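Because the structure is predicted, anything quoted here is derived from the model rather than measured.
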Amino acid sequence: MGGPFSGLTETIFADKSVLNESYQPEEILERDEEIESFSHALQDVLFGREPENVFLYGKAGLGKTAVTKYMMDELRSEVTVREEANDLHVHEINCNGKTLFMVVRRLVNDLLPEESSPFPKRGLGTGDAFDELYHQLDRLGGTHLVVFDEIDHLDDVNTLLYELPRARSNGHITDSLVGIIGISNNYTFRQSLSAKVKDTLMETEISFSPYDAGELRTILRNRADRAFVDGACDDSAIAKAAALSAQDMGNARQAIDLLRVGAEVAERENDEVVSDDHIEDARTLVQRGRLRNKIRDQTEHAQYILETIAKLDQRGEVPARSKKIQKGYERVAEAYGSSPLTTLKSIQDHLSDLHMLGFLLRHERNYGLKGGQYYEYELDLDPSIVLETRAEIVEVDE
């Protein structure tokens with residue numbers, strides 16, 4: 001008797017990796033204007049001059065990180081044949097969940113010689129880390145481009161963006177050049193910066209707009225040509241995945257996920273060709289996956305509140321007022337061995353944030369002098385997604 005995998009002899013995939021999130025395309029499609037702006041901003045590097053600071057804005061899945069990786073690879077290659085260019089060092093850091101000290105310490109450790117001990121996690125402050133960073137930058141010399149992905153998530157971003165761009169003019173470094181490349185999902189990120197940072201940053205801003213259906217079709221056709229064996233994916237399925245994504249967020253990552261998951265559905269059903277129906281089935285699966293990731297991104301207490309409202313939903317007790325949600329939240333937090341937030345205001349703040357993020361529906365009630373004015377909340381998604389996601393998180397943490 002054969003094992004569970006013995007009957008798997010064929011696949012519609014030729015190279016499934018090109019549909020994975022980690023895949024970095026050799027050619028960037030439908031971002032010519034952004035690449036041209038990026039190229040102009042970085043041209044000083046080729047002539048040994050101090051690089052401009054560059055900031056990329058746009059929602060997730062619009063190509064910001066992929067374009068940046070492509071530009072860094074191209075710049076590294078070009079520098080090797082330019083006599084006037086300095087040695088180029090590129091440092092990449094994702095700021096999500098990081099403190100300023102953690103980020104600067106990471107940079108220091110990237111620069112330290114292999115035989116050196118890492119910069120300590122404790123005992124020294126952020127100022128000490130900056131001092132060591134400047135020392136290591138000058139020790140290596142050359143040009144340093146520091147890519148800060150999700151820079152809007154950094155706790156003390158004003159200090160970082162004031163210190164590094166001014167390091168040379170303030171005399172902290174003399175033998176090296178530094179440029180910052182910031183990547184943010186928040187179009188209004190610059191507005192949150194302090195006035196002195198705005199005045200001194202002098203950055204080039206590149207905004208990434210959502211893709212339209214035609215642009216997404218071009219991207220998907222390119223991926224499909226390499227991802228699937230000949231004839232395994234209908235053009236109509238590609239067009240449907242592109243159209244669905246364009247109608248939603250104009251997100252290339254979403255469109256590629258639809259194509260990949262649609263193909264997985266086709267294989268499970270023993271179909272040889274990915275069709276519109278498979279893409280439609282994939283739509284539900286991808287949406288659930290996106291919601292799960294959004295839930296995981298929330299703070300511990302925000303997740304407790306979501307779990308509370310999901311349980312109230314299953315009992316038919318929604319919409320619910322914040323006081324009722326607070327009582328259920330306290331039980332949930334204590335069940336996980338966590339100390340609950342103590343004020344109703346803190347719960348209401350979380351409820352407001354979760355409403356703004358699209359997790360909750362908020363209903364305004366106004367009963368005049370007799371009943372007063374207040375809000376009631378309920379989930380704007382399937383409660384089973386919240387509870388399943390929370391169960392998965394708890395299982396991993398145990």
Side-chain angles (χ1 to χ4, degrees), residues 11-39 54 56-75 92 147 149-150 181 183-185 187 206-267 273-290 293:
T11 176
I12 62 176
F13 291 104
D15 183 3
K16 192 175 181 179
S17 68
V18 303
L19 300 178
N20 291 339
E21 186 170 358
S22 59
Y23 177 74
Q24 176 65 26
E26 295 180 4
E27 179 185 10
I28 302 295
L29 301 174
E30 303 295 352
R31 285 301 184 210
D32 292 347
E33 291 183 11
E34 292 81 0
I35 288 173
E36 184 178 355
S37 297
F38 216 148
S39 176
V54 185
L56 282 62
Y57 298 98
K59 296 297 184 183
L62 300 185
K64 304 183 302 300
T65 301
V67 167
T68 300
K69 289 179 183 289
Y70 170 76
M71 295 300 294
M72 294 302 99
D73 288 343
E74 291 294 307
L75 191 61
E92 300 175 359
V147 180
D149 204 351
E150 299 191 79
I181 298 172
I183 304 175
S184 172
N185 293 343
Y187 288 102
I206 304 175
S207 181
F208 283 63
S209 301
Y211 294 102
D212 62 30
E215 291 168 337
L216 289 172
R217 279 199 304 273
T218 300
I219 293 169
L220 290 183
R221 282 198 186 100
N222 179 268
R223 297 288 181 101
D225 285 344
R226 286 168 290 167
F228 302 115
V229 299
D230 290 344
C233 185
D234 279 345
D235 283 343
S236 63
I238 291 174
K240 187 174 184 65
L244 289 173
S245 299
Q247 291 166 10
D248 188 1
M249 299 170 65
N251 183 321
R253 181 70 262 154
Q254 180 186 13
I256 294 167
D257 284 345
L258 282 173
L259 195 60
R260 188 195 72 254
V261 176
E264 292 171 347
V265 171
E267 285 206 320
V273 179
V274 184
S275 68
D276 290 22
D277 290 340
H278 298 132
I279 299 299
E280 190 61 48
D281 290 342
R283 183 183 190 180
T284 301
L285 296 171
V286 169
Q287 286 175 338
R288 289 179 71 91
R290 286 170 53 204
N293 290 335

OG1 (Thr11) and CD (Glu264) are apart, to the nearest 0.5 Å, by 10.0 Å
Could you pull out all donor-acceptor pairs under 3.5 Å where a side-chain atom in residues 281-289 meets a protein atom, sequence neighbours excluded?
residue : atom : partner : partner atom : Å
Arg288  : NH2  : Glu388  : OE1          : 3.2

So the ring-ring contact (aromatic ring centres under 6.0 Å, His included) pairs with at least one residue in residues 212-266 (sequence neighbours excluded) are Phe13-Phe228
For Ala213 and Ala243 the tightest heavy-atom approach is CB-CA, 4.4 Å
Next item on the list: Could you give me the CA-CA distance, side-chain angles and deciding distance for Glu92 and Asp149, then say whether side-chain contact (heavy atoms from CB on, under 4.5 Å) is met?
Entry: CA-CA 8 Å; Glu92 300 175 359; Asp149 204 351; over 6 Å; no
Report task. Cation-pi check, Arg31 to Tyr211: give yes when NZ or CZ is under 6.0 Å from the six-membered ring centre and within 45° of the ring axis, no otherwise. Result -> yes
Tightest non-hydrogen contact, residues Gly250 and Leu62, listed as O-CD2, 3.1 Å
Which pairs would a plain distance check flag for residues 67-75, meaning a side-chain donor or acceptor within less than 3.5 Å of a matching protein atom at least two apart in sequence or in another chain?
residue : atom : partner : partner atom : Å
Thr68   : OG1  : Lys64   : O            : 2.8
Asp73   : OD1  : Arg76   : NH1          : 3.0

Residues Cys233 and Leu259: closest non-hydrogen pair is SG-CD1, 3.8 Å
ring-ring contact (aromatic ring centres under 6.0 Å, His included) pairs touching residues 235-262, sequence neighbours excluded, are none
Taken to the nearest 0.5 Å, the spacing of Arg290 CZ from Asp248 CG works out to 5.0 Å
Nearest heavy-atom approach of Ala242 to Leu220 is N-CD1, 3.8 Å
Those residues at least two apart in sequence (or on a different chain) that pass side chain to side chain contact (heavy atoms under 4.5 Å, CB included) with Val273 are Asp234
Closest non-hydrogen atoms of Ser207 and Tyr187, given as atom of the first, atom of the second and distance, are OG-CE2, 3.5 Å
Under 3.5 Å, side-chain donor or acceptor atoms of residues 20-27 against the rest of the protein: list the pairs with distances, not counting sequence neighbours.
residue : atom : partner : partner atom : Å
Tyr23   : OH   : Arg226  : NH1          : 2.7
Gln24   : NE2  : Ala66   : O            : 3.0

One should read off an interatomic distance between Tyr57 OH and Ser184 OG, to the nearest 0.5 angstrom, of 6.5 Å
Return yes if some donor-acceptor pair links the side-chain N/O of Arg223 with the main-chain N/O of Val18 below 3.5 Å, else return no. yes
When rounded to the nearest 0.5 Å, the distance separating OG of Ser275 from CD of Glu280 is 10.5 Å
Here the gap from Asp212 atom CG to Ser245 atom OG, rounded to the nearest 0.5 Å, amounts to 12.0 Å
Discussion item. Applying side-chain contact (heavy atoms from CB on, under 4.5 Å) to Lys59 and Phe208, what does each step give before you reach the verdict?
Written reply: CA-CA 8 Å; Lys59 296 297 184 183; Phe208 283 63; over 6 Å; no
Q. Hey, is NZ on Lys16 packed in by over 12 heavy atoms from elsewhere, all under 6.0 Å?
A. yes
| message | Using only atom types and a distance under 3.5 Å, with no angle test, would you say the side chain of Asp276 pairs donor to acceptor with the backbone of Ala237? | response | yes
CD (Glu30) and CD1 (Ile35) are apart, to the nearest 0.5 Å, by 10.5 Å
Smallest heavy-atom separation, Leu56 atom then Ile181 atom, equals CD1-CG2, 4.3 Å
- request: Assess whether atom CG of Asp230 is packed by more than 12 heavy atoms of other residues, nucleotides or ligands within 6.0 Å.
  value: no
